[in-house]
Asker: 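Handing you this structure, nothing more for now.
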There are 2 protein chains.
Amino acid sequence: MAPRRGSSRKIGQVPLYEMVDGELRQRLLHKTYPPGSMIPSEMKLAAELGVSQGTVRRALNGLVDEGLLTRRQGLGTFVPEIEDRRSLFLFFNMIGHDGQHELPPAELISCDTGQATPAEAERLALSPGSPVRRLLRVRHLRGLPTIIERIVVSEAVLPGLGDEMSLPDHLFRHYERAYGKTVTSAEERLRAAAATVEDAQLLGIDPGTPLLEIDRVAYEFDRVPLEWRCSRCNTAAHDYLVDRR
Amino acid sequence: MAPRRGSSRKIGQVPLYEMVDGELRQRLLHKTYPPGSMIPSEMKLAAELGVSQGTVRRALNGLVDEGLLTRRQGLGTFVPEIEDRRSLFLFFNMIGHDGQHELPPAELISCDTGQATPAEAERLALSPGSPVRRLLRVRHLRGLPTIIERIVVSEAVLPGLGDEMSLPDHLFRHYERAYGKTVTSAEERLRAAAATVEDAQLLGIDPGTPLLEIDRVAYEFDRVPLEWRCSRCNTAAHDYLVDRR
DNA sequence: GAGTGGTCTAGACCACCCT
DNA sequence: GGGTGGTCTAGACCACTCA
């Protein structure tokens, strides 16, 4: 790239730092820098891409703000593994009335395969009837069954999920390690729902008890749907926390 | 301030841009630059504060990211009025199943004064028994009563709230215009609850219907509590949307 | 044309972390 | 000591807005 002073780009052009941002996203998507590894230093990236260190820095800052990279002063810039990133708790927001906040253990109740319903197909961007896998889990908080998770994934995207003897507690980490698929964003819709008979049995409560339903689609780098998860939570002792700034 | 090259600050010192950030926050808090006005240009602030334009810029960027300032290229940097800021919808996240997203009209049902209960005192950082004002409102979506809002404010902080003939729909804007108090952040806790008999009457539903309860404390600049609002929403046709990146 | 924010560069010094 | 990110500066050119 030819050196240039000032902002001499043509009109309609994208800023340089956005091009750097895009290039780095591509490398992350294609695992050029795998999770856990260090990416080249700002100076090296600047030299390689033909821009100044400040421009690389600006792009990196954006990616760091999104949680796609982490920096360690004196060490370097790293691709976080799932447990390092905000994501671990980014996607689990239930907090005890006493302030307790931890990811509770999950018990796998059932796992079967089937054909995508229209609702499943829509959320996972599949054709109706595509093979999907459905998992049913229950999470225990303080020893009490509190959250029911109904998980649906495409058999083509995450083949054989749940065939393992014991499925890990933290599925997002499993997606990353076993399939090389990284969850980077999600959209949640919350509503209230009455416990069905099945819900009531799983949670040890009366049918009709109000539950908090969290309907979430989790996405990979390119907004490719990875998982649909519909959770129902007994909020007798826990709230869903939202901090707005 | 003595000019300096590079980062020659003493250890334990706060970065310059954070000092600029703090100074600007103070000015916003004290309404040195009132809502709707333009603040001095980057160059002027830099000269006044004895730092470079880049350092002012960095501080401004942070405040813009928080929604405390907005920039308009070619014009200047402005203190947003409440309807300009993200806040308008930042604090209203109910979205129709069809994607509709608008602030629905509110009907004031009742307004009375009383002494703060322990729960009210805790959330509003008051002494129990302090005078408070309680408002009860119902919001209509698509013509149907959908959200009950129970609002509590300190009589000392927002005196006479609701004495007006007609209370505006958008209370945060009213706080800013009538009291000079700006809501800048909030903490929400969501849970499921069964409709009480009163809830059921207000919403035209059966008692026991599951409702989404949004328990929210709204804060001023310095994390001073301004309002406690406990909303109960009928989620038959609307969800609470959370977008996670 | 004058003033504003937006982008980009080059170079400096610092604190931190490793070996 | 050498490399990394963190902070700060000075100065350039651009696009945008208004008069």
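Numbers restart at 1 for each chain; the letters A, B, ... are given by sequence-line order, proteins then strands.
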Asker: Can any side-chain N or O of A:Thr184 pair as donor or acceptor with the backbone N or O of A:Glu220 at less than 3.5 Å?
Answerer: yes
Asker: Indicate whether OP1 or OP2 belonging to C:dT7 is found under 4.0 Å from a side-chain N or O atom of A:Tyr17.
Answerer: yes
Asker: Does a salt bridge link A:Glu42 with A:Arg71, judged by any charged N lying under 4.0 Å from a carboxylate O?
Answerer: yes
Asker: Looking at C:dC8, I'd like to know if its phosphate oxygens (OP1 or OP2) sit under 4.0 Å from a side-chain N or O belonging to A:Arg58.
Answerer: no
Asker: How long is the line joining CE of B:Met38 and P of C:dT4, in whole Å?
Answerer: 6 Å
Asker: Atom CG of A:Leu16 and atom C1' of D:dC14: how far apart are they, to the nearest Å?
Answerer: 13 Å
Asker: Separation of A:Met19 atom CE from C:dC8 atom C1', in whole Å?
Answerer: 14 Å
Asker: Under 4.0 Å between a side-chain N or O of A:Arg72 and OP1 or OP2 of C:dC16?
Answerer: no
Asker: Show the nearest heavy-atom pair for residues A:His101 and A:Phe92, with the distance to one decimal.
Answerer: NE2-O, 3.0 Å
Asker: Starting at atom CG of A:Leu45, determine the distance to atom P of C:dT9, rounded to an integer number of angstrom.
Answerer: 14 Å
Asker: Check the phosphate of D:dT4 against A:Thr77, side-chain N and O only, distance under 4.0 Å to OP1 or OP2. Yes or no?
Answerer: no
Asker: Using atom types as modelled and distance alone, determine if a side-chain donor or acceptor of A:Arg189 lies under 3.5 Å from a backbone N or O of B:Asp239.
Answerer: no
Asker: For C:dT7 and A:Thr55 - does any side-chain N or O of the residue sit under 4.0 Å from the phosphate oxygens OP1/OP2?
Answerer: no
Asker: Can you tell if the side chain of A:Met94 reaches within under 4.5 Å of the side chain of A:Cys233, non-hydrogen atoms only?
Answerer: yes
Asker: For the pair made of CD1 in B:Ile39 and C1' in C:dG5, what is the distance, rounded to whole Å?
Answerer: 11 Å
Asker: Would you mind reading off the distance between A:Leu69 atom CG and D:dT4 atom C1', rounded to a whole angstrom?
Answerer: 15 Å
Asker: Look at all strands and tell whether B:Gln73 reaches a base, only sugar-phosphate, or nothing, counting heavy atoms closer than 4.0 Å.
Answerer: base
Asker: When you measure from the side-chain N and O atoms of A:Lys44 to the phosphate of D:dG3, is any distance below 4.0 Å, counting only OP1 and OP2?
Answerer: no
Asker: Can you see if the side chain of A:Arg57 gets near the phosphate of D:dG6 - specifically, an N or O under 4.0 Å from OP1 or OP2?
Answerer: yes
Asker: B:Glu42 has a side chain; which of C:dT9, C:dG6, D:dT9 sits nearest to it?
Answerer: C:dG6
Asker: Roughly how many Å is it from CE in B:Met43 to P in C:dG6, rounded to a whole number?
Answerer: 15 Å
Asker: When you check the phosphate oxygens OP1 and OP2 of D:dG3, does a side-chain N or O of A:Ser41 lie under 4.0 Å from one of them?
Answerer: no
Asker: Atom CZ of B:Phe78 to atom C1' of C:dG3: distance rounded to whole Å?
Answerer: 12 Å
